[in-house]
Amino acid sequence: VQLQASGGGLVQAGASLRLSCAPSGRTFRSNAMAWFRQPLGKEREFVAAISWSGGTTSVADSVKGRFTISRDNAKNTVSLQMNSLKPEDTAVYYCAADRRIYSDYVKSDLTFYNYWGQGTLVTVSS
């Protein structure tokens with residue numbers, strides 16, 4: 001089972017990027033999904049999460065108002081729209097699937113997430 005993250009790249013501050021996550025090997029339509037990021041030399045941190053139905057979302061305070069998480073269960077994809085990017089957003093971004101199914105509650109604790117993608121690098125220059 002893999003979660004393929006894509007859409008990263010090098011952009012200037014103020015620009016936008018859209019990350020996508022597409023699972024392979026199984027579907028995660030019944031699982032909450034999330035994005036985490038890990039800046040170089042730092043710990044992995046929560047960015048945003050969305051419930052299995054898409055009815056509940058949560059975003060970290062550091063990205064609130066700039067990042068939006070969404071999902072398309074018909075296409076089995078999860079996206080992260082990132083606007084007004086800042087140099088401090090530079091990190092490897094990972095998508096992850098919650099081990100629980102059919103839960104309307106989303107978690108920011110990475111220990112709830114059993115499945116992880118390989119990450120995509122986002123670099124924001126000043």
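This one's a predicted model, so the numbers in the text were calculated from it and none came from an experiment. Position 1 is the first residue of the sequence; numbering continues from there.
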Asks: Identify the two heavy atoms, one from Ala48 and one from Val59, that lie closest to each other, and give their separation to 0.1 Å.
Replies: CB-CG1, 3.7 Å

Asks: Do Thr77 and Ser20 have side chains that get closer than 4.5 Å, going by heavy atoms?
Replies: no

Asks: If you apply the rule side chain to side chain contact (heavy atoms under 4.5 Å, CB included), what do you find for Ile50 with Thr56, and how did you get there?
Replies: CA-CA 6 Å; Ile50 187 167; Thr56 302; over 6 Å; no

Asks: Report yes if the side chains of Arg26 and Asn31 come closer than 4.5 Å at any heavy-atom pair, otherwise no.
Replies: yes

Asks: My understanding is that only residues two or more places apart in sequence, or in another chain, count here; which of them pass side chain to side chain donor-acceptor pair (under 3.5 Å) with Lys86?
Replies: none

Asks: Tell me the ring pair (Phe, Tyr, Trp, His ring centres under 6.0 Å) pairs involving residues 35-64, sequence neighbours left out?
Replies: Phe36-Phe46, Phe36-Tyr113, Phe36-Trp116, Trp52-Tyr102

Asks: Hey, does Thr68 have a side-chain heavy atom less than 4.5 Å from the side chain of Leu80?
Replies: no

Asks: Mind checking what makes side chain to side chain donor-acceptor pair (under 3.5 Å) contact with Arg18, not counting sequence neighbours?
Replies: Gln81

Asks: Should Gln38 and Glu43 count as side-chain neighbours, where that means a heavy-atom distance under 4.5 Å?
Replies: no

Asks: If you round to the nearest 0.5 Å, how far is CD of Gln12 from OG of Ser126?
Replies: 9.0 Å

Asks: Any donor-acceptor pair under 3.5 Å linking the side chain of Arg71 with the backbone of Gly54?
Replies: no

Asks: Under the rule for salt bridge (charged side-chain N to carboxylate O under 4.0 Å, His left out), what residues qualify as partners of Asp104, not counting sequence neighbours?
Replies: none

Asks: Please give me the minimum heavy-atom distance between Gly7 and Thr120, naming the atom from each residue.
Replies: N-OG1, 4.1 Å

Asks: If you measure from OG on Ser79 to CG on Leu19, what distance do you get to the nearest 0.5 Å?
Replies: 8.5 Å

Asks: In residues 92-101, what donor-acceptor pairs under 3.5 Å come from side-chain atoms, sequence neighbours left out?
Replies:
residue: Tyr93; atom: OH; partner: Arg37; partner atom: NH1; Å: 3.0
residue: Tyr93; atom: OH; partner: Asp89; partner atom: O; Å: 2.6
residue: Asp98; atom: OD1; partner: Arg100; partner atom: N; Å: 2.8
residue: Asp98; atom: OD1; partner: Arg100; partner atom: NE; Å: 3.2
residue: Asp98; atom: OD2; partner: Arg100; partner atom: NE; Å: 3.1
residue: Asp98; atom: OD2; partner: Arg100; partner atom: NH2; Å: 2.6
residue: Arg100; atom: NH1; partner: Ser103; partner atom: OG; Å: 3.1
residue: Arg100; atom: NH2; partner: Tyr105; partner atom: O; Å: 2.9

Asks: Which atom pair, heavy atoms only, marks the closest approach of Gly8 to Val122?
Replies: CA-CG2, 4.0 Å

Asks: Out of curiosity, Phe67 CZ to Thr57 OG1, how far, rounded to the nearest 0.5 Å?
Replies: 14.5 Å

Asks: Grab the two heavy atoms, one from Leu3 and one from Gln118, that are nearest each other, plus how far apart they are.
Replies: O-OE1, 3.2 Å

Asks: Compare every heavy atom of Thr90 with every heavy atom of Pro87, then report the nearest pair and how far apart it is.
Replies: O-OG1, 2.9 Å

Asks: Which other residues belong to the hydrophobic cluster containing Leu40, where Ile, Leu, Val, Met, Phe, Trp and Tyr are joined when side-chain heavy atoms lie under 4.5 Å apart, directly or via other members?
Replies: none

Asks: Look up atom CZ in Arg66 and atom OG in Ser84, then write down how far apart they are to the nearest 0.5 Å.
Replies: 7.0 Å

Asks: Which heavy-atom pair separates Met33 from Cys21 by the least distance, and what is that distance?
Replies: CE-SG, 4.3 Å

Asks: So does Phe112 get a backbone contact from the side chain of Asp109, meaning a donor-acceptor N/O pair under 3.5 Å?
Replies: no

Asks: Classify the side-chain pair Thr27/Asn76 by whether it contains a donor and acceptor separated by less than 3.5 Å.
Replies: no

Asks: Is there side-chain contact between Leu85 and Leu17, with at least one heavy-atom pair below 4.5 Å?
Replies: yes

